[in-house]
Trainee: 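Before I ask anything, here is the structure I am working with.
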There are 2 protein chains.
Amino acid sequence: MSQSDTLTPLIVDLAKREKKHQVVCEACALYRLCLPLGLHRDDLVVLDQLVKRRQSYKRKQDLFTTNDTFSALYVVRSGSFKTTISTSNGREQVTGFYFPGEFIGLDAIHMPSYQSNAIALESSSVCALPFDNLQQVGERLPRLQIQLLTRLSRELAGDKSFMLLLGKKTAEEKLATYLISLSKRFQDRGFSAQDFRLTMSRNDIANHLGLAVETISRVLTKFQGLGLVVINGKDISLKDITKMEALCG
Amino acid sequence: MSQSDTLTPLIVDLAKREKKHQVVCEACALYRLCLPLGLHRDDLVVLDQLVKRRQSYKRKQDLFTTNDTFSALYVVRSGSFKTTISTSNGREQVTGFYFPGEFIGLDAIHMPSYQSNAIALESSSVCALPFDNLQQVGERLPRLQIQLLTRLSRELAGDKSFMLLLGKKTAEEKLATYLISLSKRFQDRGFSAQDFRLTMSRNDIANHLGLAVETISRVLTKFQGLGLVVINGKDISLKDITKMEALCG
DNA sequence: CGCGCGTTTGACATGACTCAAATGCTGTGG
DNA sequence: CCACAGCATTTGAGTCATGTCAAACGCGCG
């Protein structure tokens with residue numbers, strides 16, 4: 001079966017999407033970071049058909065909640081999200097933060113329901129990749145599957161080194177590591193590695209790093225005292241990234 | 001291209017393997033737990049051709065080390081392994097334990113090199129899945145790719161809830177959670193959920209849970225005092241799994 | 001059988017937590 | 001546009017869970 005059989009209706013569809021400002025993958029600002037990377041042009045057309053674009057969420061709104069039936073993976077398009085899980089008695093752990101181009105929901109693949117809660121930290125939007133289709137389409141697009149494998153593997157590796165942070169690092173090392181990690185991620189996304197905005201609350205940071213809010217506050221003021229950072233509310237400026245990296249342990 | 005083109009030489013090859021006691025996947029005791037699950041019979045023949053069986057390792061021997069070039073995924077066939085990563089200044093974190101049927105190396109997919117160290121805890125053996133081939137073959141066997149996605153996703157979900165343990169649980173809750181988790185894994189593998197052997201040292205357990213060895217010792221004796229467990233060196237017997245689950249927090 | 005490592009037990013130290021209170025910021029309604 | 005309410009952040013003081021250090025014990029391997 002040739003792919004061009006299905007091509008004509010698709011092009012019409014894509015045109016419709018353009019009208020609704022639903023930028024096709026190829027034209028998306030995240031193109032370089034997102035799923036399509038490594039896909040052929042024909043593959044992209046198929047992917048474009050699959051993606052549900054521009055779902056918007058405002059601050060504190062749930063993208064999904066534990067036990068919601070698993071239906072789609074999400075790619076952050078703008079803004080940021082946090083994911084959390086909880087103990088039976090209600091203690092909560094922030095398991096990750098997600099920025100544009102990053103995937104949310106990878107830990108629920110082939111589970112009946114999501115394994116965590118995903119909450120917007122600010123006004124944000126995502127592309128949804130309905131997983132049923134993704135799987136069918138994936139069988140025709142091996143490169144798509146490989147992209148998924150790569151993403152999963154990368155997040156897994158990240159979580160392993162986060163275990164090292166949680167298990168073996170001091171409060172200062174944790175915060176330094178966290179700031180450096182954010183800095184790198186923003187840099188990868190084409191933003192400043194030095195100046196950025198902490199869209200999550202101090203509470204979220206503390207929770208994520210396994211610390212108390214007060215400790216975050218104290219360490220941040222200490223870092224500021226050392227001239228390592230300048231802090232202005234949610235805005236932070238890393239004044240000596242090299243020295244900060246040395247503090248990561 | 002029909003698959004039977006390649007079938008005849010394969011059958012000869014499989015016969016050779018049988019002679020060398022290299023049990024084909026279909027006849028393997030781990031069949032139910034391992035990769036082949038969900039594959040069709042024809043697929044299995046292809047997979048069998050790919051797998052390098054019966055690589056043996058003795059206690060403390062490395063399966064791979066950080067920065068070794070990534071070449072294969074491994075499935076534990078017998079025995080057990082731990083994986084570790086380290087800070088630049090030499091502190092080490094045990095990131096996981098692996099038992100028969102479980103995959104090692106998933107965090108290195110599409111990386112140039114392994115991201116961790118994998119070390120045998122006892123005399124153990126693995127099946128190696130060379131990844132170059134796996135990828136090629138995967139393009140012809142979507143079900144294999146899906147198995148891989150599922151495995152990765154499951155390990156990711158496990159690591160997320162391990163973050164909850166490291167970040168938010170007390171020493172007692174950590175150890176209780178750990179013991180229950182082992183119990184479940186052994187049960188899944190057809191072994192007793194009550195009596196099993198801790199193949200890893202107290203040090204490894206402590207390290208993994210973000211605690212000191214002494215703390216493990218103390219909590220274990222406390223659990224024994226409460227009649228929750230009976231401990232005999234590396235052998236442990238869970239005397240009240242329900243009560244232990246209640247301690248998991 | 002003995003050596004050495006792994007484990008247990010005890011005493012003490014401390015990093016980070018908890019509680020408390022002051023201060024600052026943000027979004028909302030009049 | 002301002003003022004206030006309510007939440008987030010900071011700072012300070014005291015406590016505690018778990019770590020560190022030290023020493024005895026015992027099991028398993030050669």
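In what follows, every chain begins at residue 1, and chains take the letters A, B, ... in the order their sequences are listed.
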Trainee: Nearest-Å distance, CE (B:M200) to C1' (C:dG6)?
Mentor: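 Rounded to whole Å, this separation is 15 Å.
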Trainee: For A:K58, report the nucleic acid contact type (base, sugar-phosphate, nothing); a contact means any heavy atom under 4.0 Å.
Mentor: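 Result for A:K58 = nothing.
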Trainee: In whole angstroms, how far is the C1' atom of C:dT7 from the CD1 atom of B:I236?
Mentor: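 Distance check: B:I236 CD1 to C:dT7 C1' gives 14 Å.
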Trainee: Atom NZ of A:K168 to atom P of C:dG15: distance rounded to whole Å?
Mentor: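 Whole-Å distance recorded here is 18 Å.
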Trainee: I'd like to know whether CZ of B:F191 has more than 12 heavy-atom contacts from other residues, nucleotides or ligands below 6.0 angstrom.
Mentor: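 No, CZ of B:F191 has 12 or fewer neighbouring heavy atoms, counting only those of other groups under 6.0 Å.
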Trainee: Taking the six-membered ring for Trp, are B:Y74 and B:F81 closer than 6.0 Å centroid to centroid?
Mentor: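 No: the rings miss the under 6.0 Å criterion.
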Trainee: Between C:dA16 atom C1' and A:L220 atom CG, what is the distance in whole Å?
Mentor: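 Computing the A:L220:CG to C:dA16:C1' distance gives 15 Å.
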Trainee: Could you run down nucleotides 17-30 of chain D 5' to 3' and tag each one B, S or - for protein heavy-atom contact under 4.0 Å?
Mentor: -SSBBB--------
Trainee: In whole angstrom, give the distance that lies between atom CZ of B:R202 and atom P of C:dT7.
Mentor: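 Rounding to the nearest Å, CZ of B:R202 and P of C:dT7 are 6 Å apart.
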Trainee: What is the distance from CG of A:D204 to P of D:dT9, rounded to the nearest Å?
Mentor: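 Whole-Å distance recorded here is 8 Å.
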Trainee: Please state how far atom CD1 in A:I205 lies from atom C1' in D:dT9, giving the value in whole angstrom units.
Mentor: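 Atom CD1 in A:I205 sits about 11 Å away from atom C1' in D:dT9.
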Trainee: Can you tell me if the side-chain N/O atoms of A:S217 get under 4.0 Å from OP1 or OP2 in D:dT11?
Mentor: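 So the side chain of A:S217 is outside the cut-off, no N or O lying under 4.0 Å from OP1 or OP2 of D:dT11.
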Trainee: Output the rounded distance in Å from CG (B:L175) to P (C:dT7).
Mentor: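 Computing the B:L175:CG to C:dT7:P distance gives 13 Å.
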Trainee: Is it the case that atom CG in B:N232 sees more than 12 heavy atoms from other parts of the structure closer than 6.0 Å?
Mentor: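 No, not enclosed.
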